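Report on the structure given below.
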Amino acid sequence: DNSFNLFLLNPFFCSDHSISYIKDHIETLFSQSSKKVFIYSVITKYFLFTHYYTMQAIIAEIIGTFILILLGNGVVANVILKETKGSNSGPLVIFLGWGMAVFIAVAIVGPYSGAHLNPAVTIGLAVAGAFDWALVPGYVFAQMVGAMIGAGFVWLMYKDHYDRTEDQGVKLATFSTAPAIKNIPS
């Protein structure tokens with residue numbers, strides 16, 4: 001039976017029969033004393049615990065956060081960078097763009113992962129007892145990966161506009177926020 005090896009190669013396509021075989025295989029590994037086998041089995045047990053539904057949720061979080069950042073930061077870049085079609089169109093465009101970005105991302109991945117799309121939401125739900133702590137690292141990792149990919153795509157799509165925009169604060173504002181009035185000691 002190649003179920004164990006198939007699971008390691010692609011945990012999405014495991015049947016319930018394969019999962020029971022993997023559980024039995026892990027128990028056999030735990031009975032052996034080798035450190036290498038123990039570490040291998042712990043990692044496998046983690047993937048078994050998360051199962052393919054969680055892998056589906058993690059991929060959904062990557063996709064959802066990617067969409068959120070791509071659309072949200074994309075609209076900010078379009079409004080504030082020099083010589084874009086939406087340059088100087090105002091904050092209302094940014095507000096509506098971010099609202100639509102959240103709506104679209106949640107609508108797409110909500111059924112698969114709950115659409116946390118933000119580590120603060122994931123950790124907040126875990127603290128409140130509404131989300132399993134064992135899933136928090138995978139979700140947070142997925143959200144970070146999705147955000148980095150989304151920000152990278154925004155940067156690539158607006159690269160020429162970033163090059164033409166001289167104000168470093170404006171460039172930074174497409175990816176982060178800063179206070180309008182700086183309150184730092186001189």
Side-chain angles (χ1 to χ4, degrees), residues 3 6-20 22-23 42-81 84-86 89-159 161 172-178:
S3 297
L6 179 65
F7 174 77
L8 292 176
L9 292 175
N10 195 344
F12 298 108
F13 300 112
C14 288
S15 66
D16 290 334
H17 169 71
S18 298
I19 297 301
S20 65
I22 293 164
K23 285 181 184 176
V42 168
I43 292 168
T44 307
K45 187 120 179 156
Y46 171 76
F47 283 112
L48 178 63
F49 174 74
T50 59
H51 203 252
Y52 61 89
Y53 297 113
T54 303
M55 293 301 290
Q56 189 178 46
I58 287 172
I59 290 172
E61 285 293 310
I62 291 172
I63 293 168
T65 309
F66 164 75
I67 291 168
L68 176 72
I69 298 300
L70 178 69
L71 299 178
N73 287 9
V75 74
V76 173
N78 191 35
V79 170
I80 67 173
L81 292 176
T84 62
K85 296 284 185 184
S89 56
L92 184 59
V93 173
I94 294 173
F95 304 151
L96 291 173
W98 263 106
M100 289 304 295
V102 171
F103 171 76
I104 290 168
V106 169
I108 291 172
V109 303
Y112 304 102
S113 70
H116 297 189
L117 307 179
N118 185 332
V121 173
T122 302
I123 294 169
L125 287 171
V127 167
F131 191 69
D132 188 3
W133 277 103
L135 302 177
V136 170
Y139 267 60
V140 170
F141 177 76
Q143 293 154 358
M144 294 297 178
V145 168
M148 287 188 287
I149 295 169
F153 269 71
V154 170
W155 180 78
L156 282 173
M157 289 188 298
Y158 287 96
K159 172 113 175 55
H161 300 285
L172 181 63
T174 60
F175 298 110
S176 66
T177 57

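A quick note: this is a predicted structure, and the numbers were derived from the prediction, not measured.
From Leu125, atom CG reaches atom CG of Asp132 across 12.0 Å, with rounding to the nearest 0.5 Å. For the atom pair Glu61 CD and Leu135 CG, the distance stands at 11.0 Å (nearest 0.5 Å). Rounded to the nearest 0.5 angstrom, Ile63 CD1 and Leu70 CG are separated by 13.0 Å. We find the CD1-CG distance between Ile94 and Asn73 to be 10.5 Å, quoted to the nearest 0.5 Å. How far CD of Gln56 is from CD1 of Ile58: 11.0 Å, rounded to the nearest 0.5 Å. For the atom pair Met157 CE and Asn78 CG, the distance stands at 9.5 Å (nearest 0.5 Å).
Checked by atom type, the side-chain pair Thr65/Gln143 shows no donor-acceptor distance below 3.5 Å.
Taking the side chain to side chain contact (heavy atoms under 4.5 Å, CB included) definition, one finds that Leu71 meets it with Ile67, Ala101, Ile104, sequence neighbours left out. With sequence neighbours left out, Lys85 forms a side chain to side chain contact (heavy atoms under 4.5 Å, CB included) with no residue at all. Qualifying side chain to side chain contact (heavy atoms under 4.5 Å, CB included) partners for Ala151, counting only residues two or more places apart in sequence or in other chains: Ile69, Phe175.
At distances below 3.5 Å, at least one donor-acceptor pair connects side-chain atoms of Tyr139 with backbone N or O atoms of Ser113.
Taking 4.5 Å as the limit, every side-chain heavy atom of Leu117 sits out of range of all side-chain heavy atoms of Val102. Side-chain contact between Phe66 and Val145 is absent, with no heavy atoms from C-beta onward closer than 4.5 Å. Between Trp133 and Val127, some side-chain heavy-atom pair lies under the 4.5 Å cut-off.
Heavy-atom contacts from other residues, nucleotides or ligands closer than 6.0 Å to CE of Met144 number 12 or fewer. By the neighbour-count criterion of 12 heavy atoms within 6.0 Å, atom CZ of Phe131 is densely surrounded, having more than that number from other residues, nucleotides or ligands.
Across Ser89 and Val79, no two heavy atoms sit closer than the pair OG-CG2, 3.4 Å. Shortest non-hydrogen contact noted between Val136 and Ala126 is CG2-CB, 3.6 Å. Gly74 and Tyr158 make their closest contact through O-OH, 3.5 Å (heavy atoms, listed as atom of the first residue, atom of the second, distance). The two residues Pro111 and Val106 have their closest heavy-atom pair at CD-O, 4.4 Å. Pro119 approaches Val140 most closely through the heavy-atom pair CB-CG2, 4.1 Å.
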